[in-house]
Protein chains: 2
Amino acid sequence: MELEKITKVESRASRRYEDACGAAHALDLVGERWALLVIRELMLGPKRFSDLRADLPGISANVLTQRLEGLEEAGVLVRRKLAPPASTQVYELTPWGYEAEPIFQALGRWAARSPRHDPSLPLSDVSLLLSFRTMADPVRMRGVKMRIGLRLRRGGYCVRVGGGSLDVSRDSLEDVDLVIAGAPPAIAAAVYGGVPLAQLETEGALAIEGEHGLAERFIGLFALPPKVGD
Amino acid sequence: MELEKITKVESRASRRYEDACGAAHALDLVGERWALLVIRELMLGPKRFSDLRADLPGISANVLTQRLEGLEEAGVLVRRKLAPPASTQVYELTPWGYEAEPIFQALGRWAARSPRHDPSLPLSDVSLLLSFRTMADPVRMRGVKMRIGLRLRRGGYCVRVGGGSLDVSRDSLEDVDLVIAGAPPAIAAAVYGGVPLAQLETEGALAIEGEHGLAERFIGLFALPPKVGD
DNA sequence: CGGCATCCGGGAAGATACTG
DNA sequence: CAGTATCTTCCCGGATGCCG
């Protein structure tokens, strides 16, 4: 057991980049496969093991366990036991963990220009909401004030636009001007793919509860960068 | 041979995150081990295979070959043959590849707060220069105008401060106000570690050609974020 | 069922030696 | 100098099973 631990530590050490560069150290911490996506899924609040598994298509249970251990050891997240009677264990980012969001924004903005980016793949609730924070255009938000509710697979979120910025929270859908209900890929198709709302509604992929004009204005707040070569 | 190709393609596909999230796609492109560090080393201009190998402590030749192939296929870099009589082959980022710099800035800023960050590890020329671009404080640069030359192991660089921003280029050391010569870790110790210039000079780790006061002012332009817990 | 340990097969990374 | 070939080690992914 002790020997096992030692060899484990040694192998970990030998697999780190021996590099003082901050980016290299970041990759030592979160560069393993799935690590950043686990953090992404926790960016809007704590989740349980099984929620993480369900929201990360393709991760296996043992890898998720390993990543959670490593990220906890690195100080990126903590395990927390909810007060009874819930008593379930959740994983929650530390304040420093939450500060990783610019990493996702930089990665996302850069990859959005990739010729190979395939928007038809599955998209998690959190990914969609984070993309709003990343892709909202400050110029287009100037003078706009609205509260949009999103009813996604795993719950409700509220997007508040005002004061030239955009705020997102996992929230009930009280006091919103409009609710958009649907799966994340459908909403992404409307927001980023230019697919008309009417078409998505007749297909049953999406439902709008409120004024359509407001939904159109909401969609107009976001802009993808042009693909490489354009 | 054909079978080999097919299995290779299949394995590649199965190892991608099937996720429309931009960050996930970025990791499909540059998430493999060493890939981002290869890009980092090319951020300030093209390099040869052996230079990359020398500047990436610990990468092996076959992995470097694979990463260069993959990054070329992804459109992040191109192989270019220099005109005769040089005739050596170099690897150069595409314009889109150069746009990856915010990724390094986000990673670096975040990891700089890590309790485990060890600044005494080796540091490449490019890492040091990129850290200047990342960590220069716009407030402190206000009204400052200077041209600092750096003579590092692998050549000369010029850091131009002016108009509230900082510019870096691989360049000769003509027309600079000051030259700092030394190994990147020593310069980092002065800039980020608070080690006095005089001490580094007497140790022979660093040499200043010009006014010391100017060097001190240059060093004062940079600030690391506080560590987690401070 | 949620969380985790264990075993196994395949494939990626690492080290070293070798070649045009 | 710029890689290729080969071998070993280790990580990832899948399946199974344990336990509260």
Side-chain angles (χ1 to χ4, degrees), chain A residues 1 4-19 27-28 30-38 46-73 77-82 84-92, chain B residues 3-18 27-28 30-38 46-72 77 79-82 84-92 154:
Chain A
M1 178 58 190
E4 206 177 286
K5 203 180 205 175
I6 290 169
T7 54
K8 197 174 180 185
V9 167
E10 274 176 1
S11 81
R12 278 211 153 176
S14 77
R15 224 173 166 82
R16 285 192 312 193
Y17 305 109
E18 298 291 330
D19 193 320
L27 294 172
D28 283 336
V30 299
E32 288 170 306
R33 193 162 163 75
W34 293 107
L36 272 172
L37 298 192
V38 169
K47 283 190 180 181
R48 296 184 299 178
F49 188 92
S50 49
D51 291 328
L52 288 168
R53 247 199 115 174
D55 293 333
L56 291 171
I59 197 173
S60 62
N62 53 7
V63 171
L64 179 54
T65 301
Q66 287 173 241
R67 287 307 97 88
L68 290 171
E69 280 171 1
L71 293 172
E72 181 178 22
E73 200 190 338
L77 58 80
V78 292
R79 313 158 67 116
R80 202 155 56 79
K81 207 161 189 91
L82 293 183
S87 285
T88 58
Q89 188 168 239
V90 294
Y91 298 87
E92 179 171 29
Chain B
L3 179 64
E4 205 178 288
K5 202 180 202 174
I6 290 169
T7 53
K8 197 175 180 184
V9 167
E10 274 176 1
S11 80
R12 278 213 150 173
S14 76
R15 224 174 166 82
R16 285 191 309 190
Y17 305 109
E18 298 291 330
L27 294 172
D28 283 337
V30 299
E32 289 170 305
R33 194 161 161 74
W34 292 109
L36 273 171
L37 298 191
V38 169
K47 284 189 180 182
R48 296 183 298 180
F49 188 93
S50 49
D51 291 328
L52 287 169
R53 249 198 112 175
D55 293 333
L56 290 170
I59 198 172
S60 63
N62 52 9
V63 171
L64 180 54
T65 301
Q66 288 173 243
R67 288 307 96 89
L68 289 170
E69 281 170 359
L71 293 171
E72 181 178 23
L77 58 80
R79 313 159 66 113
R80 202 155 55 81
K81 210 166 186 84
L82 291 183
S87 284
T88 59
Q89 188 169 242
V90 295
Y91 297 87
E92 179 171 28
R154 200 165 294 282

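Every chain is numbered from 1, with letters handed out A, B, ... down the list of sequences.
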K.L.:
If I take atom CZ in residue A:R16 and atom P in nucleotide D:dC10, what distance separates them, rounded to the nearest angstrom?
P.N.:
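Interatomic distance, CZ of A:R16 to P of D:dC10: 16 Å.
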K.L.:
Please enumerate all residues that pass side-chain contact (heavy atoms from CB on, under 4.5 Å) together with A:R79, with sequence neighbours excluded.
P.N.:
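Once residues adjacent in sequence are excluded, the partners of A:R79 under the side-chain contact (heavy atoms from CB on, under 4.5 Å) criterion are A:E72, A:Q89, A:Y91.
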K.L.:
Hey, what do you get for OG1 (A:T88) to NZ (A:K81), rounding to the nearest 0.5 Å?
P.N.:
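These two atoms lie 8.0 Å from each other.
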K.L.:
Output the rounded distance in Å from CG (A:L64) to P (D:dG13).
P.N.:
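It works out to 12 Å between those atoms.
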K.L.:
Quickly work out the B:D28 CG to C:dA12 P distance and round it to whole Å.
P.N.:
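After rounding, the gap between these two atoms is 14 Å.
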K.L.:
Whole Å only: how far is the CZ atom of B:R33 from the C1' atom of D:dC12?
P.N.:
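Distance check: B:R33 CZ to D:dC12 C1' gives 14 Å.
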K.L.:
Can you name the salt bridge (Lys or Arg N to Asp or Glu O under 4.0 Å) partners of B:E92, sequence neighbours left out?
P.N.:
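If we apply the salt bridge (Lys or Arg N to Asp or Glu O under 4.0 Å) test to B:E92, skipping adjacent residues, the hits are B:R80.
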K.L.:
With sequence neighbours left out, what residues match A:D55 under salt bridge (Lys or Arg N to Asp or Glu O under 4.0 Å)?
P.N.:
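A:D55: salt bridge (Lys or Arg N to Asp or Glu O under 4.0 Å) contacts with A:K47, A:R154.
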K.L.:
At a cut-off of 3.5 Å, list every protein nitrogen or oxygen paired with a nitrogen or oxygen from nucleotides 1-4 of chain D, distance to 0.1 Å.
P.N.:
residue : atom : partner : partner atom : Å
D:dA2   : OP2  : B:S50   : N            : 3.2
D:dA2   : OP2  : B:S50   : OG           : 2.4
D:dG3   : OP1  : B:R79   : NH2          : 3.1
D:dG3   : OP1  : B:Q89   : NE2          : 3.4
D:dG3   : OP2  : B:Q89   : NE2          : 3.1
D:dG3   : OP2  : B:Y91   : OH           : 2.6

K.L.:
So, taking the atom named CG in A:L68 and the one named CG in A:L52, what distance separates them when rounded to the nearest 0.5 Å?
P.N.:
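Separation between the atoms: 6.0 Å.
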K.L.:
Could you state the CD1-C1' distance from B:I59 to C:dA12, rounded to the nearest angstrom?
P.N.:
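Result: 13 Å.
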K.L.:
Between B:L27 (CG) and C:dA12 (P), how many Å, whole number?
P.N.:
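In whole Å, C:dA12 P lies 17 Å from B:L27 CG.
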K.L.:
Tell me whether the side-chain N/O atoms of B:W34 come closer than 4.0 Å to OP1 or OP2 in C:dG14.
P.N.:
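For C:dG14, OP1/OP2 do have a side-chain N/O of B:W34 under 4.0 Å.
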K.L.:
Grab the CG-C1' distance between A:L52 and C:dG3 for me, whole Å please.
P.N.:
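Interatomic distance, CG of A:L52 to C1' of C:dG3: 12 Å.
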K.L.:
Shortest non-hydrogen contact from A:W34 to B:Y17?
P.N.:
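Here A:W34 and B:Y17 meet closest at N-OH, 3.0 Å.
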K.L.:
CD/A:E69 to CG/A:L77 distance, rounded to the nearest 0.5 angstrom?
P.N.:
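It comes to 11.0 Å.
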K.L.:
Please round to 10 degrees the angle between the axis of the first five pairs and the axis of the last five pairs in the helix from C:dC1-D:dG20 to C:dG20-D:dC1.
P.N.:
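Answer for the end axes of this duplex: 30°.
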K.L.:
In residues 58-65 of chain B, what donor-acceptor pairs under 3.5 Å come from side-chain atoms, sequence neighbours left out?
P.N.:
residue : atom : partner : partner atom : Å
B:S60   : OG   : B:N62   : OD1          : 2.7
B:T65   : OG1  : B:A61   : O            : 2.9

K.L.:
Determine: side-chain N/O of B:Q66 to OP1/OP2 of C:dA12, distance under 4.0 Å, yes or no.
P.N.:
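The answer is no; no side-chain N or O of B:Q66 sits under 4.0 Å from OP1 or OP2.
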K.L.:
What distance do A:E32 atom CD and B:R33 atom CZ have between them, rounded to the nearest 0.5 Å?
P.N.:
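That separation rounds to 9.0 Å.
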K.L.:
Atom CZ of A:R15 to atom P of D:dT9: distance rounded to whole Å?
P.N.:
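That distance rounds to 14 Å.
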